[in-house]
Amino acid sequence: MNVEQFQSFLDAVEPERGATVLSAAPIPGGYSRDTVMAEVRWADGTTEKFVLRGDPPEDMSVFRSDRAAEWAMLQAVKDLPDFRIPTPRYFDATGEYMGCKCIISEAIDSTSMQKFLDSGPDLDKAREDFVAIMASAHNTPLDSIADTIARPTSWRQHIEDVIANYERMLQIIGDTDPVLRYTLKKIRMNLPPEVPMTIVHGDLQPGNFLLSEGTDPYIIDWEFSRIGDPRLDLGYYLQIPMPPHLYHPDPEAFLTSYRALTGLTEEQINPAIAKYFLLLGTSHLMVDIIQGTQDVTDGLHRGVMGTFLMTAYAHFHNLYLDYSLDMPYSEVTA
Amino acid sequence: MITRPSTSRVLEDVVEELSRDIMPLITDPAQQIRMHMLMIVLNDCVNASEREISVMRAEIPQYLNFVNDVAAATGDAAVAAAAAGASMGTSLVLSDVIADYESASRAFSTAMDLVMDTVNREFIERGEELLRQRVTNERAILSGSSAVGRSAS
(Lines give C-alpha, C1' and ligand atoms only; values in the text may rest on other atoms or scores of the structure.)
Protein backbone atom coordinates (compact mmCIF):
# COMPACT_ATOMS: atom_id res chain seq x y z
CA MET A 1 0.00 0.00 0.00
CA ASN A 2 2.47 2.63 -1.21
CA VAL A 3 2.26 5.83 -3.25
CA GLU A 4 2.71 4.07 -6.59
CA GLN A 5 0.08 1.45 -5.87
CA PHE A 6 -2.47 3.97 -4.68
CA GLN A 7 -1.72 6.15 -7.71
CA SER A 8 -2.39 3.30 -10.12
CA PHE A 9 -5.58 2.43 -8.23
CA LEU A 10 -6.93 5.99 -8.41
CA ASP A 11 -5.94 6.27 -12.07
CA ALA A 12 -8.14 3.23 -12.67
CA VAL A 13 -11.16 4.13 -10.53
CA GLU A 14 -11.14 7.92 -10.91
CA PRO A 15 -9.69 8.45 -14.41
CA GLU A 16 -11.45 11.79 -14.89
CA ARG A 17 -10.31 13.41 -11.64
CA GLY A 18 -6.59 13.55 -12.23
CA ALA A 19 -5.35 12.28 -8.89
CA THR A 20 -1.81 12.80 -7.70
CA VAL A 21 -0.91 10.80 -4.61
CA LEU A 22 1.29 13.06 -2.52
CA SER A 23 2.13 10.69 0.32
CA ALA A 24 1.32 7.33 1.85
CA ALA A 25 2.69 6.71 5.33
CA PRO A 26 2.04 3.68 7.56
CA ILE A 27 0.18 4.33 10.80
CA PRO A 28 2.04 2.39 13.50
CA GLY A 29 0.23 0.27 16.04
CA GLY A 30 -2.73 -2.04 15.85
CA TYR A 31 -2.60 -5.81 16.04
CA SER A 32 -4.47 -6.79 12.96
CA ARG A 33 -4.58 -4.90 9.67
CA ASP A 34 -1.96 -2.73 7.99
CA THR A 35 -3.07 0.90 7.92
CA VAL A 36 -1.72 3.75 5.81
CA MET A 37 -2.57 7.46 5.79
CA ALA A 38 -2.44 8.91 2.28
CA GLU A 39 -2.88 12.39 0.83
CA VAL A 40 -4.17 13.03 -2.67
CA ARG A 41 -4.34 16.18 -4.77
CA TRP A 42 -7.05 16.21 -7.42
CA ALA A 43 -6.81 18.03 -10.75
CA ASP A 44 -9.14 20.79 -9.49
CA GLY A 45 -6.54 21.67 -6.87
CA THR A 46 -8.35 20.25 -3.86
CA THR A 47 -6.61 17.79 -1.58
CA GLU A 48 -8.04 14.91 0.36
CA LYS A 49 -6.75 12.48 2.97
CA PHE A 50 -7.57 8.78 3.01
CA VAL A 51 -7.04 5.85 5.33
CA LEU A 52 -5.99 2.68 3.52
CA ARG A 53 -6.69 -0.55 5.36
CA GLY A 54 -5.32 -3.79 3.99
CA ASP A 55 -4.32 -7.30 4.91
CA PRO A 56 -0.74 -7.97 6.00
CA PRO A 57 0.98 -10.98 4.41
CA GLU A 58 -0.25 -14.23 5.94
CA ASP A 59 3.17 -15.10 7.32
CA MET A 60 3.24 -11.76 9.17
CA SER A 61 -0.15 -11.89 10.83
CA VAL A 62 -2.29 -13.79 13.30
CA PHE A 63 -5.79 -12.33 13.18
CA ARG A 64 -7.93 -13.42 10.26
CA SER A 65 -10.85 -11.42 8.93
CA ASP A 66 -12.46 -10.89 5.57
CA ARG A 67 -12.03 -7.53 3.89
CA ALA A 68 -15.00 -8.15 1.58
CA ALA A 69 -17.24 -8.84 4.58
CA GLU A 70 -15.96 -5.68 6.27
CA TRP A 71 -16.65 -3.65 3.12
CA ALA A 72 -20.19 -5.07 2.96
CA MET A 73 -20.81 -4.07 6.57
CA LEU A 74 -19.42 -0.58 5.95
CA GLN A 75 -21.81 -0.21 3.03
CA ALA A 76 -24.66 -1.44 5.21
CA VAL A 77 -24.07 1.01 8.07
CA LYS A 78 -22.57 4.08 6.38
CA ASP A 79 -25.88 5.95 6.08
CA LEU A 80 -27.51 4.88 9.32
CA PRO A 81 -28.69 7.85 11.38
CA ASP A 82 -27.64 6.69 14.85
CA PHE A 83 -23.86 6.68 14.51
CA ARG A 84 -21.18 7.74 12.07
CA ILE A 85 -18.38 5.96 10.31
CA PRO A 86 -15.71 7.50 8.07
CA THR A 87 -17.17 7.31 4.58
CA PRO A 88 -15.91 4.18 2.82
CA ARG A 89 -14.83 5.37 -0.61
CA TYR A 90 -13.14 2.59 -2.53
CA PHE A 91 -12.42 -1.12 -2.30
CA ASP A 92 -9.68 -2.98 -4.13
CA ALA A 93 -11.47 -6.29 -3.81
CA THR A 94 -8.78 -8.42 -5.40
CA GLY A 95 -5.62 -6.60 -4.42
CA GLU A 96 -4.88 -6.06 -8.10
CA TYR A 97 -3.69 -2.51 -7.51
CA MET A 98 -2.86 -2.22 -3.83
CA GLY A 99 -1.04 -5.51 -3.43
CA CYS A 100 -3.67 -6.78 -0.98
CA LYS A 101 -7.41 -6.49 -0.52
CA CYS A 102 -7.75 -2.91 0.62
CA ILE A 103 -10.53 -0.65 1.92
CA ILE A 104 -10.04 3.07 1.37
CA SER A 105 -12.03 5.45 3.57
CA GLU A 106 -12.06 9.17 4.12
CA ALA A 107 -9.62 10.30 6.82
CA ILE A 108 -11.23 12.18 9.70
CA ASP A 109 -9.46 15.07 11.40
CA SER A 110 -9.92 13.65 14.84
CA THR A 111 -8.46 12.23 18.00
CA SER A 112 -9.31 8.80 19.37
CA MET A 113 -11.34 8.53 22.53
CA GLN A 114 -8.42 6.57 24.02
CA LYS A 115 -6.12 9.56 23.53
CA PHE A 116 -8.81 11.81 24.96
CA LEU A 117 -9.02 9.55 28.02
CA ASP A 118 -5.25 9.80 28.40
CA SER A 119 -5.64 13.57 28.80
CA GLY A 120 -7.43 13.21 32.15
CA PRO A 121 -11.05 14.16 31.44
CA ASP A 122 -14.04 13.76 33.77
CA LEU A 123 -14.34 9.97 33.69
CA ASP A 124 -18.00 9.89 34.76
CA LYS A 125 -18.85 12.02 31.76
CA ALA A 126 -16.55 9.97 29.53
CA ARG A 127 -18.27 6.79 30.70
CA GLU A 128 -21.67 8.21 29.76
CA ASP A 129 -20.34 9.24 26.34
CA PHE A 130 -18.79 5.82 25.80
CA VAL A 131 -22.01 4.05 26.73
CA ALA A 132 -23.99 6.33 24.43
CA ILE A 133 -21.76 5.50 21.47
CA MET A 134 -21.95 1.79 22.25
CA ALA A 135 -25.74 1.98 22.55
CA SER A 136 -26.03 3.94 19.32
CA ALA A 137 -24.62 0.94 17.45
CA HIS A 138 -26.61 -1.58 19.46
CA ASN A 139 -29.91 0.24 18.98
CA THR A 140 -29.73 -0.14 15.22
CA PRO A 141 -32.91 -1.89 14.05
CA LEU A 142 -32.06 -5.06 12.18
CA ASP A 143 -34.49 -4.21 9.40
CA SER A 144 -32.37 -1.17 8.58
CA ILE A 145 -29.39 -3.40 7.80
CA ALA A 146 -29.11 -4.64 4.23
CA ASP A 147 -29.87 -8.29 3.60
CA THR A 148 -26.32 -8.69 2.30
CA ILE A 149 -25.21 -9.01 5.93
CA ALA A 150 -25.62 -12.58 7.21
CA ARG A 151 -28.20 -13.07 9.94
CA PRO A 152 -28.14 -15.98 12.35
CA THR A 153 -31.36 -17.96 12.13
CA SER A 154 -31.92 -17.57 15.87
CA TRP A 155 -30.26 -16.16 18.98
CA ARG A 156 -29.64 -19.69 20.23
CA GLN A 157 -27.97 -20.75 17.01
CA HIS A 158 -25.82 -17.60 17.10
CA ILE A 159 -24.74 -18.18 20.70
CA GLU A 160 -23.98 -21.82 19.98
CA ASP A 161 -21.76 -20.70 17.11
CA VAL A 162 -19.88 -18.31 19.41
CA ILE A 163 -19.54 -20.96 22.14
CA ALA A 164 -18.16 -23.30 19.48
CA ASN A 165 -15.10 -21.05 19.35
CA TYR A 166 -13.97 -22.89 22.48
CA GLU A 167 -14.34 -26.21 20.66
CA ARG A 168 -12.25 -24.71 17.87
CA MET A 169 -9.54 -23.58 20.30
CA LEU A 170 -9.36 -26.99 21.94
CA GLN A 171 -9.26 -28.73 18.59
CA ILE A 172 -6.33 -26.58 17.42
CA ILE A 173 -4.21 -27.48 20.43
CA GLY A 174 -5.27 -31.11 20.75
CA ASP A 175 -7.37 -30.54 23.87
CA THR A 176 -4.32 -29.84 26.01
CA ASP A 177 -5.71 -26.84 27.89
CA PRO A 178 -7.84 -27.70 30.96
CA VAL A 179 -8.55 -24.01 31.63
CA LEU A 180 -10.30 -23.61 28.28
CA ARG A 181 -12.21 -26.87 28.73
CA TYR A 182 -13.32 -25.84 32.23
CA THR A 183 -14.38 -22.43 30.91
CA LEU A 184 -16.38 -24.03 28.10
CA LYS A 185 -18.21 -26.22 30.58
CA LYS A 186 -19.07 -23.28 32.81
CA ILE A 187 -20.27 -21.31 29.79
CA ARG A 188 -22.64 -24.10 28.88
CA MET A 189 -23.95 -24.31 32.45
CA ASN A 190 -24.82 -20.62 32.56
CA LEU A 191 -26.51 -19.62 29.32
CA PRO A 192 -27.92 -16.10 29.75
CA PRO A 193 -31.41 -14.94 28.80
CA GLU A 194 -31.98 -14.12 25.17
CA VAL A 195 -31.89 -10.54 23.91
CA PRO A 196 -32.71 -9.12 20.46
CA MET A 197 -29.83 -9.40 18.04
CA THR A 198 -28.31 -6.31 16.48
CA ILE A 199 -24.99 -5.05 15.15
CA VAL A 200 -21.99 -6.38 17.05
CA HIS A 201 -18.84 -4.40 16.33
CA GLY A 202 -16.38 -6.99 17.64
CA ASP A 203 -13.70 -4.53 18.82
CA LEU A 204 -15.68 -1.81 20.56
CA GLN A 205 -13.25 0.18 22.68
CA PRO A 206 -12.17 3.82 23.05
CA GLY A 207 -9.30 3.36 20.57
CA ASN A 208 -11.90 2.75 17.87
CA PHE A 209 -13.99 5.84 18.59
CA LEU A 210 -12.86 8.98 16.79
CA LEU A 211 -13.79 12.33 18.30
CA SER A 212 -14.03 15.22 15.88
CA GLU A 213 -14.90 18.84 16.56
CA GLY A 214 -18.50 19.68 15.75
CA THR A 215 -19.69 16.19 14.79
CA ASP A 216 -20.88 13.05 16.50
CA PRO A 217 -18.14 10.48 17.19
CA TYR A 218 -17.10 8.06 14.48
CA ILE A 219 -16.78 4.31 14.99
CA ILE A 220 -13.94 2.65 13.06
CA ASP A 221 -12.36 -0.79 12.55
CA TRP A 222 -15.35 -2.97 11.63
CA GLU A 223 -13.40 -6.05 10.62
CA PHE A 224 -14.95 -8.32 13.27
CA SER A 225 -18.47 -6.91 12.98
CA ARG A 226 -21.50 -9.11 12.51
CA ILE A 227 -25.11 -9.42 13.54
CA GLY A 228 -25.48 -11.03 16.92
CA ASP A 229 -25.85 -10.50 20.66
CA PRO A 230 -24.85 -6.92 21.59
CA ARG A 231 -23.56 -8.08 24.98
CA LEU A 232 -20.57 -9.55 23.12
CA ASP A 233 -19.27 -5.99 22.68
CA LEU A 234 -19.82 -5.20 26.33
CA GLY A 235 -18.00 -8.31 27.49
CA TYR A 236 -15.20 -7.66 25.04
CA TYR A 237 -14.61 -4.21 26.49
CA LEU A 238 -14.11 -5.63 29.99
CA GLN A 239 -10.71 -7.09 29.02
CA ILE A 240 -9.28 -3.99 27.32
CA PRO A 241 -6.02 -3.35 29.18
CA MET A 242 -5.51 0.32 28.38
CA PRO A 243 -6.31 2.66 31.29
CA PRO A 244 -8.38 4.48 32.30
CA HIS A 245 -11.12 1.86 32.11
CA LEU A 246 -14.67 3.12 31.95
CA TYR A 247 -16.45 -0.01 33.22
CA HIS A 248 -14.49 -1.49 36.09
CA PRO A 249 -14.53 1.47 38.51
CA ASP A 250 -18.36 1.39 38.65
CA PRO A 251 -20.01 -1.49 36.77
CA GLU A 252 -23.47 -0.65 38.08
CA ALA A 253 -23.29 2.94 36.85
CA PHE A 254 -22.09 1.75 33.45
CA LEU A 255 -24.80 -0.88 33.13
CA THR A 256 -27.57 1.37 34.45
CA SER A 257 -26.81 3.80 31.65
CA TYR A 258 -26.54 1.01 29.10
CA ARG A 259 -29.87 -0.48 30.14
CA ALA A 260 -31.55 2.94 30.04
CA LEU A 261 -30.33 3.54 26.49
CA THR A 262 -30.95 0.07 25.06
CA GLY A 263 -34.05 -1.03 26.94
CA LEU A 264 -32.42 -4.26 28.13
CA THR A 265 -33.47 -5.41 31.57
CA GLU A 266 -31.36 -6.10 34.64
CA GLU A 267 -32.05 -9.79 34.11
CA GLN A 268 -30.58 -9.50 30.61
CA ILE A 269 -27.49 -7.48 31.48
CA ASN A 270 -25.91 -7.19 34.91
CA PRO A 271 -22.31 -7.48 36.15
CA ALA A 272 -22.39 -11.30 36.20
CA ILE A 273 -23.72 -11.49 32.64
CA ALA A 274 -21.21 -8.87 31.49
CA LYS A 275 -18.45 -11.15 32.80
CA TYR A 276 -20.05 -14.10 31.05
CA PHE A 277 -19.88 -12.18 27.80
CA LEU A 278 -16.18 -11.45 28.25
CA LEU A 279 -15.75 -15.20 27.81
CA LEU A 280 -17.72 -15.12 24.57
CA GLY A 281 -16.85 -11.64 23.28
CA THR A 282 -13.13 -12.39 23.14
CA SER A 283 -13.41 -15.95 21.86
CA HIS A 284 -13.12 -15.06 18.16
CA LEU A 285 -9.76 -13.42 18.85
CA MET A 286 -8.60 -16.25 21.09
CA VAL A 287 -9.18 -18.74 18.27
CA ASP A 288 -6.81 -16.76 16.05
CA ILE A 289 -4.29 -16.26 18.86
CA ILE A 290 -4.22 -19.98 19.61
CA GLN A 291 -3.96 -20.82 15.92
CA GLY A 292 -1.00 -18.42 15.75
CA THR A 293 0.77 -20.12 18.66
CA GLN A 294 0.08 -23.53 17.12
CA ASP A 295 1.45 -22.30 13.79
CA VAL A 296 4.64 -21.21 15.54
CA THR A 297 4.75 -24.60 17.29
CA ASP A 298 4.49 -26.23 13.87
CA GLY A 299 7.45 -24.25 12.56
CA LEU A 300 5.57 -21.55 10.66
CA HIS A 301 6.32 -17.86 11.01
CA ARG A 302 3.55 -15.43 11.90
CA GLY A 303 5.60 -12.29 12.39
CA VAL A 304 6.25 -10.84 15.83
CA MET A 305 2.56 -11.23 16.69
CA GLY A 306 2.77 -15.01 16.58
CA THR A 307 4.87 -15.06 19.73
CA PHE A 308 4.00 -11.68 21.25
CA LEU A 309 0.32 -12.61 21.46
CA MET A 310 1.21 -15.28 24.01
CA THR A 311 0.92 -12.32 26.39
CA ALA A 312 -2.72 -11.96 25.32
CA TYR A 313 -3.19 -15.73 25.63
CA ALA A 314 -1.99 -15.53 29.25
CA HIS A 315 -4.15 -12.45 29.88
CA PHE A 316 -7.30 -14.15 28.57
CA HIS A 317 -6.42 -17.42 30.33
CA ASN A 318 -6.28 -15.63 33.65
CA LEU A 319 -9.55 -13.78 33.04
CA TYR A 320 -11.32 -16.88 31.73
CA LEU A 321 -10.48 -18.89 34.82
CA ASP A 322 -11.16 -16.01 37.19
CA TYR A 323 -14.58 -15.28 35.70
CA SER A 324 -15.68 -18.86 35.15
CA LEU A 325 -14.73 -19.86 38.71
CA ASP A 326 -17.33 -17.33 39.88
CA MET A 327 -20.12 -18.95 37.85
CA PRO A 328 -22.48 -21.34 39.58
CA TYR A 329 -22.76 -25.03 38.83
CA SER A 330 -25.79 -26.45 37.19
CA GLU A 331 -26.78 -30.09 36.89
CA VAL A 332 -28.24 -29.25 33.53
CA THR A 333 -25.61 -28.69 30.85
CA ALA A 334 -27.08 -26.75 27.94
CA MET B 1 28.02 -27.86 29.27
CA ILE B 2 28.98 -24.26 29.76
CA THR B 3 26.85 -23.10 32.66
CA ARG B 4 28.14 -19.58 33.04
CA PRO B 5 26.17 -17.73 31.80
CA SER B 6 22.96 -19.71 31.95
CA THR B 7 20.49 -19.56 29.04
CA SER B 8 18.27 -17.17 30.98
CA ARG B 9 21.21 -14.87 31.66
CA VAL B 10 22.23 -14.99 27.98
CA LEU B 11 18.73 -13.92 27.00
CA GLU B 12 18.73 -11.13 29.59
CA ASP B 13 21.99 -9.89 28.14
CA VAL B 14 20.54 -9.95 24.63
CA VAL B 15 17.58 -7.88 25.83
CA GLU B 16 19.97 -5.41 27.43
CA GLU B 17 21.92 -5.08 24.18
CA LEU B 18 18.74 -4.54 22.23
CA SER B 19 17.32 -1.95 24.59
CA ARG B 20 20.53 -0.06 25.30
CA ASP B 21 22.31 -0.04 21.95
CA ILE B 22 19.95 -1.13 19.17
CA MET B 23 16.63 0.43 20.16
CA PRO B 24 17.87 4.05 20.20
CA LEU B 25 19.01 3.65 16.58
CA ILE B 26 15.53 2.69 15.41
CA THR B 27 13.59 5.74 14.34
CA ASP B 28 10.63 4.14 12.57
CA PRO B 29 7.78 4.00 15.14
CA ALA B 30 6.41 0.76 13.67
CA GLN B 31 9.80 -0.94 14.05
CA GLN B 32 10.17 0.47 17.58
CA ILE B 33 6.89 -1.21 18.50
CA ARG B 34 8.05 -4.50 16.99
CA MET B 35 11.28 -4.28 18.94
CA HIS B 36 9.37 -3.62 22.18
CA MET B 37 7.23 -6.67 21.48
CA LEU B 38 10.27 -8.83 20.78
CA MET B 39 11.89 -7.74 24.04
CA ILE B 40 8.74 -8.72 25.95
CA VAL B 41 8.86 -12.12 24.25
CA LEU B 42 12.54 -12.51 25.14
CA ASN B 43 11.91 -11.54 28.76
CA ASP B 44 9.21 -14.21 28.94
CA CYS B 45 11.75 -16.66 27.49
CA VAL B 46 14.12 -15.71 30.32
CA ASN B 47 11.47 -16.77 32.81
CA ALA B 48 10.53 -19.89 30.87
CA SER B 49 14.08 -21.13 30.44
CA GLU B 50 14.57 -20.94 34.19
CA ARG B 51 11.41 -22.71 35.26
CA GLU B 52 9.21 -24.34 32.65
CA ILE B 53 10.49 -27.89 33.04
CA SER B 54 10.31 -27.80 36.83
CA VAL B 55 6.83 -26.23 36.75
CA MET B 56 5.48 -28.92 34.43
CA ARG B 57 7.19 -31.72 36.39
CA ALA B 58 5.60 -30.36 39.57
CA GLU B 59 2.12 -30.15 38.07
CA ILE B 60 2.03 -33.51 36.27
CA PRO B 61 1.85 -35.70 39.44
CA GLN B 62 -0.90 -33.49 40.84
CA TYR B 63 -2.99 -34.03 37.72
CA LEU B 64 -2.28 -37.75 37.72
CA ASN B 65 -3.18 -38.08 41.41
CA PHE B 66 -6.43 -36.23 40.80
CA VAL B 67 -7.33 -38.44 37.84
CA ASN B 68 -6.50 -41.63 39.71
CA ASP B 69 -8.53 -40.53 42.73
CA VAL B 70 -11.54 -39.63 40.58
CA ALA B 71 -11.27 -42.93 38.74
CA ALA B 72 -11.09 -44.85 42.02
CA ALA B 73 -13.96 -42.94 43.62
CA THR B 74 -16.32 -43.08 40.68
CA GLY B 75 -15.35 -46.22 38.80
CA ASP B 76 -15.86 -44.25 35.60
CA ALA B 77 -14.40 -46.11 32.62
CA ALA B 78 -13.43 -43.03 30.62
CA VAL B 79 -11.54 -41.51 33.54
CA ALA B 80 -9.87 -44.84 34.25
CA ALA B 81 -8.77 -45.03 30.63
CA ALA B 82 -7.47 -41.46 30.82
CA ALA B 83 -5.54 -42.34 33.97
CA ALA B 84 -4.04 -45.39 32.30
CA GLY B 85 -2.97 -43.33 29.29
CA ALA B 86 -1.07 -40.65 31.17
CA SER B 87 2.21 -40.87 33.05
CA MET B 88 5.37 -38.97 33.89
CA GLY B 89 8.54 -40.40 32.40
CA THR B 90 12.06 -39.92 33.65
CA SER B 91 13.28 -37.84 30.72
CA LEU B 92 13.96 -34.17 31.41
CA VAL B 93 14.23 -33.32 27.72
CA LEU B 94 11.81 -30.45 27.16
CA SER B 95 9.84 -32.08 24.35
CA ASP B 96 9.37 -35.24 26.48
CA VAL B 97 8.21 -33.23 29.48
CA ILE B 98 5.77 -31.31 27.27
CA ALA B 99 4.35 -34.58 25.93
CA ASP B 100 3.84 -35.88 29.49
CA TYR B 101 2.32 -32.57 30.57
CA GLU B 102 -0.11 -32.54 27.68
CA SER B 103 -1.30 -36.10 28.23
CA ALA B 104 -1.70 -35.42 31.96
CA SER B 105 -3.64 -32.25 31.13
CA ARG B 106 -6.01 -34.17 28.83
CA ALA B 107 -6.57 -36.79 31.50
CA PHE B 108 -7.19 -34.09 34.09
CA SER B 109 -9.81 -32.49 31.81
CA THR B 110 -11.57 -35.83 31.39
CA ALA B 111 -11.78 -36.27 35.16
CA MET B 112 -12.78 -32.65 35.70
CA ASP B 113 -15.58 -32.98 33.13
CA LEU B 114 -17.01 -35.88 35.09
CA VAL B 115 -16.91 -34.21 38.50
CA MET B 116 -18.44 -31.03 37.03
CA ASP B 117 -21.22 -32.96 35.29
CA THR B 118 -22.08 -34.74 38.52
CA VAL B 119 -21.46 -31.63 40.67
CA ASN B 120 -19.10 -33.54 42.95
CA ARG B 121 -18.18 -30.63 45.22
CA GLU B 122 -15.20 -32.22 46.90
CA PHE B 123 -13.43 -33.06 43.66
CA ILE B 124 -14.53 -29.81 42.03
CA GLU B 125 -12.83 -27.80 44.76
CA ARG B 126 -9.67 -29.84 44.40
CA GLY B 127 -9.71 -29.54 40.62
CA GLU B 128 -10.36 -25.81 40.69
CA GLU B 129 -7.40 -25.37 43.02
CA LEU B 130 -5.20 -27.17 40.48
CA LEU B 131 -6.47 -24.83 37.76
CA ARG B 132 -5.73 -21.80 39.91
CA GLN B 133 -2.23 -23.10 40.53
CA ARG B 134 -1.73 -23.76 36.82
CA VAL B 135 -2.62 -20.17 35.90
CA THR B 136 -0.55 -18.77 38.77
CA ASN B 137 2.46 -20.72 37.51
CA GLU B 138 1.79 -19.55 33.98
CA ARG B 139 1.56 -15.92 35.08
CA ALA B 140 4.93 -16.22 36.82
CA ILE B 141 6.46 -17.02 33.43
CA LEU B 142 4.37 -15.12 30.90
CA SER B 143 4.05 -11.40 31.40
CA GLY B 144 0.35 -11.31 30.55
CA SER B 145 -1.48 -8.25 29.39
CA SER B 146 0.51 -5.72 27.45
CA ALA B 147 -0.78 -2.66 25.64
CA VAL B 148 2.34 -2.31 23.50
CA GLY B 149 1.29 -1.56 19.97
CA ARG B 150 -2.40 -1.19 20.75
CA SER B 151 -3.50 1.49 18.37
CA ALA B 152 -4.71 4.71 19.91
CA SER B 153 -5.38 5.98 16.36
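Within every chain, numbering begins at 1; the chains are lettered A, B, ... in the order of the sequence lines, protein sequences first and strands thereafter.
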**Request:** In sequence, state the C-alpha distance, the side-chain angles, and the governing distance for Y101(B) and T176(A), and then conclude on side-chain hydrogen bond (donor to acceptor under 3.5 Å, both in side chains).
**Result:** CA-CA 8 Å; Y101(B) 186 71; T176(A) 54; over 6 Å; no
Worksheet item: Does a donor on one side chain and an acceptor on the other come within less than 3.5 Å for Q239(A) and T282(A)?
Response: no
Bottom line for D113(B): the part with an atom under 4.5 Å from chain A's heavy atoms is both
In short, L42(B) meets L18(B) closest at the heavy-atom pair CD1-CD1, 3.7 Å
So, the part of R134(B) with a heavy atom under 4.5 Å from chain A: the answer is side chain
CD1 (I98(B)) and CE (M56(B)) are apart, to the nearest 0.5 Å, by 4.5 Å
With chain B, the option among L321(A), V51(A), L117(A) that has the most non-hydrogen atom pairs under 4.5 Å is L321(A)
Both conditions, 6.0 Å and 45 degrees, for the charged tip of K186(A) above the ring of Y329(A): are they met here?
yes
Turns out that what part of R132(B) lies under 4.5 Å from chain A's heavy atoms comes down to both
Turns out that what part of T110(B) lies under 4.5 Å from chain A's heavy atoms comes down to both
Counting heavy-atom pairs under 4.5 angstrom with chain B, the leader among P206(A), G174(A), P26(A), G303(A) is G174(A)
